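Only one structure is covered here, and it is reproduced in the block below.
Values in this document were obtained by computation on a predicted structure and should not be read as measured data.
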Amino acid sequence: MKWLLRFYRSSVGKKILMAVTGLVWVVFVIEHMAGNLLALKSPEAINRYAAFLKTSDEVLWTFRIGLFVALVVHVDSMVKLTALNWTSRPARYAKVSYQAASPAARTMRWGGVFLLLWLVYHILHFTTGHLHPDFSHTDVFNNVSVAFQSGGKVASYAAAMVALAFHLYHGVWSMFQTAGANHPHVEKPRRWLATAIAILIPVGFLTVPFAIFFGIIG
Ligand code: HEM
């Protein structure tokens, strides 16, 4: 147990935990995006899939708790690494500028905060239904189809997917850095993979809102 605490307290340990917990969420968003695409097939297909995910309360809550813990560890490591970064660079106090963080790191932090707030909104919108005008616990297709009649909703989801694209790009790239895959030979494939993930996942997610808004499905 002590070694685990020591690991968590070290900055390398926090970087590894950020990478691992980030990867957990990357796997989740790939699965979530693929599931959402079933809406293009038929309302029954996505509703059946959603019902399947809720077959067992134990499994559902194990996944939910796992995702929540991964998110808490991810954010906590980020906050502590940022604090470490700031205290170890006194130059920041001499001149109020952004010397302590690269533009990519700043985008990650503020984009991450935005995504976190959006995620709270998203769960209240589509999971609990508190922010949905016509929510059904069993008809997921109805929930998305009502929501994305509105251009404002489509735009707000599109903004979140742009933030997700930036976060995924730098996150996947950093994951390789943490794993030590930073040799010049792997620089190109690493950028390609980060770019592919950063484009394919948000575009996949946005297919359904746009298809509903333009009347292709719904
Ligand atoms: C256009 C983009 C997205 C759409 C249309 C969408 C749609 C949905 C819908 C309909 C649900 C409820 C599913 C159900 O009750 O079975 C849901 C749940 C959820 N979504 Fe999304 N989603 C999008 C993007 C995302 C992204 C990018 C993330 C993560 C960063 C995310 C995280 C979640 C989570 C955590 C849940 C709750 C899952 C649970 O029941 O525990 N979603 N989403």
Side-chain angles (χ1 to χ4, degrees), residues 1-30 32 62-124 156-157 159-199 201-202 205:
M1 219 46 202
K2 257 190 180 159
W3 70 267
L4 197 68
L5 258 175
R6 241 196 339 260
F7 176 75
Y8 192 62
R9 283 198 187 124
S10 72
S11 77
V12 110
K14 286 194 207 32
K15 280 189 179 147
I16 292 174
L17 282 169
M18 276 203 85
V20 172
T21 51
L23 187 62
V24 167
W25 274 83
V26 170
V27 172
F28 169 73
V29 288
I30 292 175
H32 184 17
T62 306
F63 274 104
R64 282 177 171 169
I65 293 167
L67 277 174
F68 181 72
V69 171
L71 192 61
V72 170
V73 172
H74 195 75
V75 174
D76 184 65
S77 309
M78 184 274 288
V79 169
K80 286 180 180 147
L81 277 171
T82 305
L84 249 155
N85 202 0
W86 283 358
T87 49
S88 62
R89 292 187 193 213
R92 187 177 189 276
Y93 302 109
K95 186 175 160 215
V96 182
S97 72
Y98 290 111
Q99 298 179 35
S102 68
R106 278 206 313 280
T107 311
M108 285 305 273
R109 267 171 223 146
W110 291 111
V113 170
F114 172 71
L115 279 173
L116 201 60
L117 294 175
W118 174 81
L119 195 58
V120 174
Y121 161 76
H122 180 53
I123 287 173
L124 292 171
S156 73
Y157 270 74
M161 292 310 104
V162 171
L164 180 69
F166 280 103
H167 207 77
L168 280 172
Y169 177 77
H170 188 71
V172 170
W173 188 87
S174 309
M175 236 182 253
F176 281 98
Q177 188 82 12
T178 304
N182 51 1
H183 190 274
H185 273 116
V186 292
E187 182 57 23
K188 227 175 174 178
R190 160 157 99 130
R191 289 214 179 271
W192 269 103
L193 187 69
T195 309
I197 289 180
I199 293 175
I201 297 178
F205 267 125

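- Taking CG of N182 as the reference point, atom OG of S174 lies at 11.5 Å (rounded to 0.5 Å).
- For the residue pair F114 and A159, the shortest heavy atom distance occurs at CE2-O, 4.0 Å.
- For the atom pair CG (L67) and CG (L119), the distance works out to 9.5 Å, reported to the nearest 0.5 Å.
- No side-chain heavy atom of W86 sits under 4.5 Å from any side-chain heavy atom of L81.
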Derivation and outcome, side-chain contact (heavy atoms from CB on, under 4.5 Å), residues V26 and M175: CA-CA 11 Å; V26 170; M175 236 182 253; 4.1 Å; yes
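- Across all their heavy atoms, F176 and R190 have their closest contact at CB-CD, 3.2 Å.
- When every heavy atom of V24 is checked against every heavy atom of A70, the shortest pair comes out as CG1-CB, 4.1 Å.
- Shortest non-hydrogen contact noted between P202 and L168 is CD-CD1, 4.2 Å.
- The salt bridge (charged side-chain N to carboxylate O under 4.0 Å, His left out) check on K15 picks up nothing, with sequence neighbours excluded.
- Between I197 and Y169, the closest side-chain pair of non-hydrogen atoms is not below 4.5 Å.
- The environment of OH in Y121 is crowded: more than 12 heavy-atom neighbours from other residues, nucleotides or ligands sit within 6.0 Å.
- The backbone N or O of K14 lies less than 3.5 Å from no partner atom in the side chain of K80, so there is not a single donor-acceptor pair.
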Determine, step by step, whether V69 and I65 satisfy the side-chain contact (heavy atoms from CB on, under 4.5 Å) criterion, reporting the C-alpha distance in whole Å, the side-chain angles of both residues, the deciding distance to 0.1 Å, and the verdict. CA-CA 6 Å; V69 171; I65 293 167; 4.1 Å; yes
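- M18 contributes atom CE, which lies 13.0 Å from atom CG of L23 (distance to the nearest 0.5 angstrom).
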Evaluate the criterion side-chain contact (heavy atoms from CB on, under 4.5 Å) for residue pair W25 and H74; output intermediate values, then yes/no. CA-CA 10 Å; W25 274 83; H74 195 75; 6.0 Å; no
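- In terms of the side-chain contact (heavy atoms from CB on, under 4.5 Å) criterion, residue partners of V162 (sequence neighbours excluded) are, by chain and number, F166.
- For Y157, the side-chain hydrogen bond (donor to acceptor under 3.5 Å, both in side chains) partners at least two apart in sequence or on another chain are H122, H125.
- Residues L71 and T21 fail the side-chain proximity criterion, which asks for heavy atoms closer than 4.5 Å.
- The shortest non-hydrogen separation linking A194 to W173 is CB-N, 4.1 Å.
- Residues M161 and F205 come closest through the heavy atom pair SD-CB, 3.7 Å.
- Here the OG1 atom belonging to T107 is positioned 8.5 Å from the NE2 atom belonging to H170, to the nearest 0.5 angstrom.
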Show your working on side-chain contact (heavy atoms from CB on, under 4.5 Å) between I199 and T195 and close with a plain yes or no. CA-CA 6 Å; I199 293 175; T195 309; 3.8 Å; yes
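- Taking the side chain as every heavy atom from C-beta outward, F7 and I16 approach each other to under 4.5 Å.
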